[in-house]
Protein chains: 2
Amino acid sequence: MEYQKQVERWGMLEVSVKGPATGNPFTEQWIRGTFTGHGQKVTAHGFYDGEGVYKVRFMPGYEGEYHFTIEASFMDAPEAGSFTATAPSEGNHGPVKVAYQYHFAYEDGKMYYPVGTTCYVWELQSKELQEKTLAELAKGYFNKIRFCVFPKHYIYNFHEPISYPYEGTPCDTSEMTRQNFGEYSREDHGNHWDFYRFNPAHFRHIEDCIVRLQELGVEADIIVMHPYDRWGFSKMQPDQDDLYWHYVVNRFSAYRNVWWSFANEWDLLRAKSIADWERYAQIVVENDPYQHLRSIHNCRNFYDYSKPWVTHCCIQRQPDVMPVEMTNQWRERYQKPIIIDELCYEGNIAPHWGSISGPEMVRRFWETTLRGGYAGHGETFIHPQNILWWSHGGELHGESPERLRFLRQILEELPQGGLRYGGRRTSYNQEKMPGGRMVRLDYLGKSTPAILEYHMDEPGEYKVEVIDTWNMTIDDQGIFGRNITVDLPGREFMAVRITRL
Amino acid sequence: MEYQKQVERWGMLEVSVKGPATGNPFTEQWIRGTFTGHGQKVTAHGFYDGEGVYKVRFMPGYEGEYHFTIEASFMDAPEAGSFTATAPSEGNHGPVKVAYQYHFAYEDGKMYYPVGTTCYVWELQSKELQEKTLAELAKGYFNKIRFCVFPKHYIYNFHEPISYPYEGTPCDTSEMTRQNFGEYSREDHGNHWDFYRFNPAHFRHIEDCIVRLQELGVEADIIVMHPYDRWGFSKMQPDQDDLYWHYVVNRFSAYRNVWWSFANEWDLLRAKSIADWERYAQIVVENDPYQHLRSIHNCRNFYDYSKPWVTHCCIQRQPDVMPVEMTNQWRERYQKPIIIDELCYEGNIAPHWGSISGPEMVRRFWETTLRGGYAGHGETFIHPQNILWWSHGGELHGESPERLRFLRQILEELPQGGLRYGGRRTSYNQEKMPGGRMVRLDYLGKSTPAILEYHMDEPGEYKVEVIDTWNMTIDDQGIFGRNITVDLPGREFMAVRITRL
């Protein structure tokens with residue numbers, strides 16, 4: 001039994017145990033640990049990591065001494081151990097949880113305002129490309145990234161991934177018929193996978209990526225299932241699915257920056273029923289000791305976000321008549337945080353969802369945020385080598401990322417709490433306490449007034465700033481009493497921030 | 001009895017008869033005419049025009065000889081007359097009617113594609129300003145204008161009109177309290193009107209304006225009632241309302257370019273019930289011999305456009321979550337033409353509805369039009385002398401008018417028929433007849449693809465053009481077979497027009 005003697009709070013203890021490599025260790029063996037420390041007792045299920053090595057992972061939620069016992073199907077008797085959870089290092093604020101009903105905070109209380117991006121299979125590209133992605137993420141544009149465990153088959157995504165989640169061999173694409181936009185037909189040309197034997201290297205690599213993201217302060221919003229598939233991973237049998245969900249949860253749960261995105265476009269996974277999703281949810285709820293954030297992303301039809309296991313709404317904006325301006329209504333309806341994790345991508349590919357402009361991307365972010373929700377970025381510029389950020393990562397080419405970092409800065413300057421939509425254009429800081437600092441934000445979007453008047457409810461002193469959300473400037477207009485007149489440039493994409501002093 | 005001996009088809013015959021000027025001619029007398037000609041027999045009610053003159057008006061719908069008789073409460077016996085309806089002069093296509101269920105055509109069959117504007121009380125401003133308005137309209141930006149019979153009391157609109165519809169004197173605004181944005185409180189400070197005695201000069205002036213518009217090819221969409229009132233015209237008694245509706249209909253019906261807009265923001269006219277509106281509708285339906293187009297404009301709540309008397313939907317776009325992208329849904333719901341006659345104004349005043357940018361105005365027009373509807377313009381730029389096109393007319397300052405004229409040009413180049421929304425981005429010419437010319441329009445709006453592929457259903461030759469709706473250019477990309485690849489600049493506001501040859 002090998003493990004560290006010291007782990008920082010919200011770090012990861014990993015206990016490795018040697019065991020049998022014969023038969024099918026994935027289905028025939030089990031291992032688990034029970035961890036006890038200050039205020040916390042957790043049973044964590046482990047997993048087989050290949051080559052006769054079994055692992056149990058644990059994330060300590062408190063500082064101080066922890067004791068644990070490990071049991072396994074192949075052990076004669078439980079073995080005991082202990083370690084010390086030390087203070088978290090700088091930048092480690094613990095996992096993100098729902099806070100103030102509609103918002104998020106790290107477990108140490110620091111607010112977390114999601115400004116995410118999507119790179120579906122960035123981690124399954126070449127090492128060089130992965131490093132480019134991480135270098136872009138290091139610029140601090142985003143604090144969350146959505147990506148898949150399974151490889152992706154879709155327009156601009158027809159090459160093979162660097163590894164597969166299962167033992168076996170993929171179908172031969174050279175025998176498949178190509179269609180519009182180069183997409184393959186869906187006939188199966190010879191996939192050979194053993195859905196009862198995982199490829200641990202595939203998962204270890206994803207874990208390396210989770211840690212790299214953690215170091216950059218980026219949450220890993222892991223998409224466990226998706227429909228863009230030619231390998232058969234979206235059409236496994238229920239017992240195979242369940243084995244997969246257990247394996248994923250047992251491996252990844254102890255990483256503090258993990259979120260569970262049950263599916264991308266769940267409603268396109270035609271082989272799965274609601275009962276299937278609810279069964280997966282039960283597996284996650286029962287086996288993730290840390291209750292990481294859980295949601296499920298839609299194409300056309302929303303999943304029933306009122307289900308208790310759903311911690312927040314992960315919404316793909318519906319086209320045209322259900323724009324991001326619905327955010328505050330969705331918030332009321334579901335009484336949970338709203339993240340519009342997909343609201344079209346900045347880019348120039350043919351599909352409507354992959355060709356909005358930078359200004360429109362930034363506008364949608366501000367509009368969503370002002371309405372008390374959060375949004376997600378993605379980028380789809382045509383690239384000579386078919387490297388599109390949305391799927392592959394690489395380099396960003398758009399105009400929105402630095403503006404989204406600016407938005408994040410505005411959010412992080414809020415007093416504790418989040419924004420609550422107060423009606424047309426106006427959002428208030430949620431924690432508008434008597435005597436406390438209050439912030440009011442007006443986002444004008446496509447509205448281009450040259451003047452605005454405010455008549456604040458309460459007497460007092462108010463600091464007034466005009467924010468140009470596109471040019472990323474903040475113009476201090478000075479201190480006013482309750483009657484305020486703001487001069488504006490008559491351009492689109494302005495905001496007004498009024499802070500009660 | 002005086003009248004013309006020759007009137008062009010869809011012109012106006014006016015029969016003047018001397019009668020009593022004593023008592024109250026508006027309520028105590030009546031006059032009517034019965035006109036018979038080729039294929040047409042019409043009873044038209046007349047009106048008292050002051051100074052002992054009574055008038056009956058008639059619009060001949062056909063060429064040839066017409067005979068008529070005039071009866072009146074003050075005439076001992078009917079008097080007969082006749083006149084010749086000659087061929088219409090150039091530019092006279094007759095009144096506009098609903099065509100192809102969702103579109104409009106003049107009575108001579110020429111399609112009419114509304115591209116309207118709103119200047120609520122342009123005709124009640126100074127003569128100089130009226131001429132400026134007409135000079136702007138002569139530039140051909142618009143082919144419809146919405147304006148009110150009653151004067152308007154609203155922000156930027158607190159001066160008195162050049163005339164009033166009734167005999168009497170207005171309240172004294174110097175005694176009224178001013179509030180935010182300079183609006184007056186609504187206390188009544190001494191209006192003195194006789195709601196049973198019209199001021200014929202007020203109506204004669206409006207008729208002069210209707211004719212001036214007619215000469216410019218502009219339809220007069222007359223707003224009969226509205227809530228922006230300090231004179232009490234929005235709070236008359238039912239019998240006074242009915243008298244007013246009869247008077248308006250009897251005076252204006254015979255002008256071929258008249259449309260009836262029953263109200264602006266009917267739902268803000270708190271003193272009126274649905275029963276009132278339905279009663280007004282009955283007056284118009286029974287007394288307008290030509291069945292001019294009829295609709296009613298909303299603030300928050302749509303009137304029930306499925307009522308038989310409503311010929312088309314006149315919609316003020318609902319904010320945020322009911323954008324112009326609803327057009328095709330509204331069309332399906334009401335099975336009538338859709339005109340979003342108000343979708344916010346290009347300008348820079350403080351209210352959200354008066355501060356959209358030129359590009360956004362043009363985008364909304366294209367989006368509405370592509371979805372098989374029509375839209376309306378308005379402009380609200382802050383002006384040193386408080387002259388805002390939206391209410392006063394004058395000069396246009398925005399960027400949208402010339403782009404809207406360009407849109408109108410694109411519409412007028414369609415083969416007979418209108419557009420039908422075919423799903424995301426795509427609209428078809430409605431009259432897609434086998435073997436006939438077919439036009440397909442894709443409006444890309446905020447979508448910025450660099451390439452689009454088309455695979456047309458039918459073999460043939462297709463002319464492909466890329467339209468820059470903002471820069472007003474049409475780039476001919478040549479003739480293609482059924483498989484088409486279009487190169488695009490990756491900018492917003494592009495359209496693709498594909499014409500089957």
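In this text the structure is predicted, and so the values were computed from the model without any measurement. Residue numbering restarts at 1 for every chain, and letters A, B, ... go by the order of the sequence lines.
By number of non-hydrogen pairs under 4.5 angstrom with chain A, the leading residue of B:G347, B:G490, B:A450 is B:A450. Of the listed residues (B:I349, B:N483, B:I382), the greatest number of heavy-atom pairs within a distance under 4.5 Å of chain A belongs to B:I349.
Counting non-hydrogen atoms of neighbouring residues, nucleotides and ligands closer than 6.0 angstrom, the CD atom of A:Q335 exceeds 12 such neighbours. By the 6.0 Å contact criterion, NZ on A:K463 is open, its count of non-hydrogen atoms from other residues, nucleotides or ligands being 12 or less. Within a 6.0 Å sphere centred on CD of B:E332, other residues, nucleotides and ligands contribute 12 heavy atoms or fewer. Heavy atoms from other residues, nucleotides or ligands lying under 6.0 Å from CZ of A:R482 number more than 12.
Heavy atoms only, all atoms of each residue included: A:R425 and B:H352 are closest at NH2-CA, 3.3 Å. Smallest separation of non-hydrogen atoms from A:P449 and B:A350: CB-CA, 3.9 Å.
One N or O on the side chain of A:T448 and one on the backbone of B:S355 form a donor-acceptor pair closer than 3.5 Å.
The distance from atom NZ of A:K446 to atom CZ of B:R364, rounded to the nearest 0.5 Å, is 8.5 Å.
With a threshold of 4.5 angstrom between heavy atoms, B:I356 approaches chain A through its backbone and through its side chain.
With sequence neighbours excluded, the residues that form a ring-ring contact (aromatic ring centres under 6.0 Å, His included) with A:Y443 are A:W366.
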